Amino acid sequence: MTEHLLVALNDRQREAVTLGPVSALILAGAGSGKTRVLTTRIAWLIHNGLVSPQGILAVTFTNKAAREMLTRLSAMLPINTRGMWIGTFHGLCNRFLKTHHREANLPAMFQILDAADQLAVIKRLLKQMNVDEQKYPARQVQAYINGAKEEGLRADRMEAYDRHSEKLREIFAEYDAQCQREGVVDFAELLLRCHEMLGRDSVLRRHYQERFRYILVDEFQDTSRLQYSWLKLLAGPTNAVFAVGDDDQSIYAFRGARADNMQDFQRDFNVQHVIKLEQNYRSHSNILEAANAIIAHNKNRLGKNLWTAEGQGEPIRLFDAYNDQDEAAFIVDEVKALAAEGVALSQIAVLYRSNAQSRVLEHALFSAGISYRVYGGLRFFERAEIKHALAYLRLVANPDDDTALLRVINFPARGIGARSLEQLQEAARGQEGSLWQAAQTAGGKVAAFTTLIKSMQESCNGLPLPEMVAAVIQMSGLKQHYLTEKEGADRIANLDELVNAAITFVNENDADSLVDFLTFASLEAGEHQADPGHDALQLMTVHAAKGLEFHTVFISGLEEGLFPHEQSMIEHEGLEEERRLMYVAVTRARRRLYLSHAQSRMLHGQVRYNIPSRFLDEIPQALLKRLNARVPSQAMQTGGGMPSISMPWRIGEGVRHPKFGQGVILAYEGGSDARVQVNFRDAGTKWLALEYAKLEKL
DNA sequence: TGGCCGAGACTTTTT
DNA sequence: GTCTCGGCCA
């Protein structure tokens, strides 16, 4: 009866899919078919009548993953997936809060602040509270507040041990009060508010515990403390939690992800079934062996070894570039050759540790006429013109939204300057109300603005969503404004696109209310990916590549200080996270993998000399094919291995010291007591007198 | 109100 | 090197 669902699965996968009503931890390695297991399990549970679609709660990390799960599910089962509780933590919490807004002490039309909105609120607050923004930078305050909420803490539970932390706590409390007044919630608040509501209201909690007998969690290694706690609340003592994750792919510790939740889960849920999915369906074995060898250097692991039934494939190609431009030129050449062999550009990815590295690559690709696409950067709903239009729409839905009001009260410019705003804010503070409320009694230009918003509200009344959006854009004067701007054409095109987005939204969702659309815009800022029809080389950070796969992958900038990043060394267990990042990068490749590093590169406006990444040493030499060493010609002439004191040393040259090991020359001082500064990989940076130091060229 | 200039930063990022 | 932000001036 259910055989057709299981036929394509291996034994481990099938075991996971067909588990009974018990909690289980699935350690799913890269490329081991984890999404398939997750969706097949849901289908299997429903198909066998163990649970109805309404009894399932499935959590993913991104909207994209949630969508994919829904798509696959409807392909497997003839059911309507629309009402199912499958979504991100934030999306599901939002759903809870919308349904029970009274219990959560929120207005029915509460709005969601994205990170930029939140920062704006904080900046405004700091000004209002007369806080020294040098001592309390808005970004740090934001990190403090979000960090606290991720841990499940509010201001009243924050410890304060000095004036600074006391102040932070005070700002935190004031910030929450401000959001409450405006009827807005930030991302972390969605989770925390929902968690508190379920914790407090036992009737509600039991209701949902009865309902969601099967809870499934994707990317479990990326859950935060609060998210895990939320899961525990919903699971109660009896429900079955199916947690799928890979501790080796935990690369978001820096933003609160806690892979230790996997161990806690085993203990708290008395997990009897830990199933490892280790067969990889993606890569050839050379690539997997390299990945296994690298990750084996991490101590803090649950333990797992990927294998494949496919052959060993091609060796991993290693390229030693003279500098960053040389590295880029090499990549361009190889990409051209691959394209000539018939590999689609979209099946080739160039990965790097940090975004700044893309510039040199882009330049080289542009000159070579290779089409490419860079992932990251601003997304559709984050663009200024879109945020402006959305702010007008937000005011139509909830005029008490101060953030939205401040964004557009004078955009396009209508002569409401800083003075009038200050008066307005003063008045609002006086009556403990919103800016909108204070604006009601104002005259002149402010009154004209409130009239505008009110007429927008009237015009929108009864209109279908897309027409509403179009009307508000029209009435706002945004288009006229951009007409006069130099680069306004793109912005106008984007505003038109917003109307299209509304049409798509109505078609793809049951909802067609303005509030739902605004929620969608906040919760899902739009895709990074552009038109898939366009064949282009893929450029992205390693983080952005998680979950993707390509025929060929280039990992560039494999240098100490860059990858692993120097900032990571000072962090607790930072190096292990960098290594997991490297593991993720390597396992993106199906057939061919290139690793490259440059002896020097331009960084922060300075030339920096780096030695090859330690991760390269962690790969068995037998798997590697060294393509060449493009060494500067002078170093070539000196020949290898001859100790030499008389010969001038070149900055950037690799050296070996009998005691300190490998390093790179950073600086040179000539004269009778000539000395060099060497950055040793293991021993740090040292000045050495050439007369005594037994330096050897590499 | 907008534009210009200097200072300072500058891993990774989804919701 | 390059971008953003804030302050200041016309």
Side-chain angles (χ1 to χ4, degrees), chain A residues 59-66 87-94 112-119 123 127 133-134 137-140 142-143 146 149-150 185-192 194 218-219 222-224 226-227 250-257 324 351-360 363 375-379 381-382 410-420 484-486 519-528 540-547 557 561-571 574 577-578 580-582 584-585 601-608:
Chain A
V59 202
T60 61
F61 256 79
T62 61
N63 293 299
K64 197 178 153 201
T88 62
F89 279 104
H90 294 85
L92 295 172
C93 284
N94 176 60
I112 299 167
L113 298 180
D114 69 13
D117 297 332
Q118 182 188 35
L119 195 63
K123 280 186 178 165
K127 285 223 173 64
E133 289 185 60
Q134 301 289 87
R139 289 199 173 276
Q140 273 177 36
Q142 186 180 28
N146 290 339
K149 289 188 179 182
E150 298 266 287
V185 294
D186 59 53
F187 286 134
E189 182 72 25
L190 284 172
L191 302 176
L192 183 54
C194 186
D218 192 12
E219 306 279 13
D222 284 336
T223 48
S224 69
L226 180 61
Q227 286 164 345
S250 158
I251 56 174
Y252 286 111
F254 70 92
R255 64 167 204 226
D324 45 356
L351 308 184
Y352 34 80
R353 174 67 238 269
S354 61
N355 284 308
Q357 288 167 252
S358 76
R359 181 162 272 112
V360 180
H363 186 80
Y375 287 68
L378 271 196
R379 293 176 308 170
F381 287 109
E382 290 169 355
N410 198 35
F411 194 94
R414 32 179 90 84
I416 302 176
R419 294 169 270 60
S420 344
T484 63
E485 232 181 38
K486 278 164 266 146
T519 301
F520 168 79
S522 316
L523 244 32
E524 189 161 355
E527 294 296 319
H528 272 312
M540 65 190 85
T541 63
V542 181
H543 282 92
K546 189 176 170 196
L562 244 195
F563 197 180
H565 199 277
E566 56 193 350
Q567 292 295 111
S568 72
M569 314 284 192
I570 49 177
E571 276 162 38
E577 176 139 325
E578 293 289 306
R580 291 193 293 268
L581 203 47
M582 180 68 183
V584 168
R601 93 169 48 239
M602 193 70 130
L603 204 64
H604 306 325
Q606 274 183 318
V607 179
R608 299 237 321 218

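Model, not experiment: these values are computed from the prediction. Chain A is the first sequence line, chain B the second, and so forth, proteins listed ahead of strands; every chain is numbered from 1. Only heavy atoms go into these numbers, but all of them, side chains included; no hydrogens, no water, no symmetry mates.
Taking only side-chain atoms of A/Arg255, from C-beta outward, the nucleotide of B/dT14, C/dG1, B/dT15 with the closest atom is B/dT14. Considering only side-chain atoms of A/Arg379, the nucleotide from B/dT14, B/dT11, C/dG1 that sits closest is B/dT14. Comparing B/dT11, B/dT15, B/dT12 by their closest approach to the side chain of A/Phe254 singles out B/dT12. Here the side chain of A/Ala413 is nearest to one of B/dT12, B/dT1, B/dT15, namely B/dT1. Among the nucleotides B/dT12, B/dT15, C/dT2, the one closest to any side-chain atom of A/Thr88 is B/dT15.
Atom CG of A/Asp117 and atom P of B/dT15 are 16 Å apart (whole Å). Atoms CZ (A/Phe61) and C1' (B/dT15) sit 9 Å apart, rounded to a whole Å. Between A/His604 atom NE2 and C/dC3 atom P there is a gap of 15 Å when expressed in whole angstrom units. Rounded to whole Å, atom P of B/dT13 lies 15 Å from atom CD of A/Glu219. Per the geometry, NZ belonging to A/Lys64 stands 10 Å off P belonging to B/dT15, to the nearest Å. Taking atom CE of A/Met540 as the reference point, atom P of B/dT13 lies 11 Å away to the nearest angstrom. Between A/Met602 atom CE and C/dC3 atom C1' there is a gap of 16 Å when expressed in whole angstrom units. Note: NZ (A/Lys149) to P (B/dT15) measures 19 Å, nearest angstrom.
As judged by a 4.0 angstrom heavy-atom cut-off over every strand, A/Asn63 is placed among residues touching the sugar-phosphate backbone only. As judged by a 4.0 angstrom heavy-atom cut-off over every strand, A/Asn410 is placed among residues touching the sugar-phosphate backbone only. Within 4.0 Å of A/Glu150, counting heavy atoms only, lies no atom of the nucleic acid at all. Residue-level contact check: A/Tyr252 touches the backbone only, with heavy atoms under 4.0 Å from sugar-phosphate atoms and none from bases.
Using a 30° and 60° split on the angle between ring planes, A/Phe187 and A/His90 fall in the perpendicular class, above 60°.
A salt bridge is absent between A/Glu150 and A/Arg255: the closest approach of a Lys/Arg side-chain nitrogen to an acidic carboxylate oxygen does not fall below 4.0 angstrom. A salt bridge links A/Asp222 to A/Lys546: one of the charged nitrogens lies within less than 4.0 Å of a carboxylate oxygen.
For B/dT12, the OP1/OP2 oxygens have a side-chain nitrogen or oxygen of A/Asn355 closer than 4.0 Å. Contact annotation: A/Thr541 reaches the phosphate of B/dT13 (side-chain N/O to OP1 or OP2, under 4.0 Å). Taking 4.0 angstrom as the limit, A/Lys123 places none of its side-chain polar atoms (N or O) nearer than this to OP1 or OP2 of C/dC5.
A/Ser354 and A/Gln357 share a donor-acceptor pair across their side chains, judged by distance under 3.5 Å alone.
No aromatic stack links A/His543 and the base of B/dT12, using centre distance under 5.5 Å and interplanar angle under 30°.
A distance of 11.5 Å separates CZ in A/Arg359 from CE in A/Met602, rounded to the nearest 0.5 Å.
If you find the closest nucleotide of DNA chain B to A/Ile416 and to A/Glu578, the one lying nearer the 5' end belongs to A/Ile416. In this structure, A/Arg414 and A/Phe187 both approach DNA chain B, and ranking their closest nucleotides by distance from the 5' end singles out A/Arg414.
Shown here is A/Arg139, whose CZ atom has no more than 12 heavy atoms of other residues, nucleotides or ligands within 6.0 Å.
Atom name C1', nucleotides B/dT12 and C/dC5: the rounded distance is 23 Å, in whole Å.
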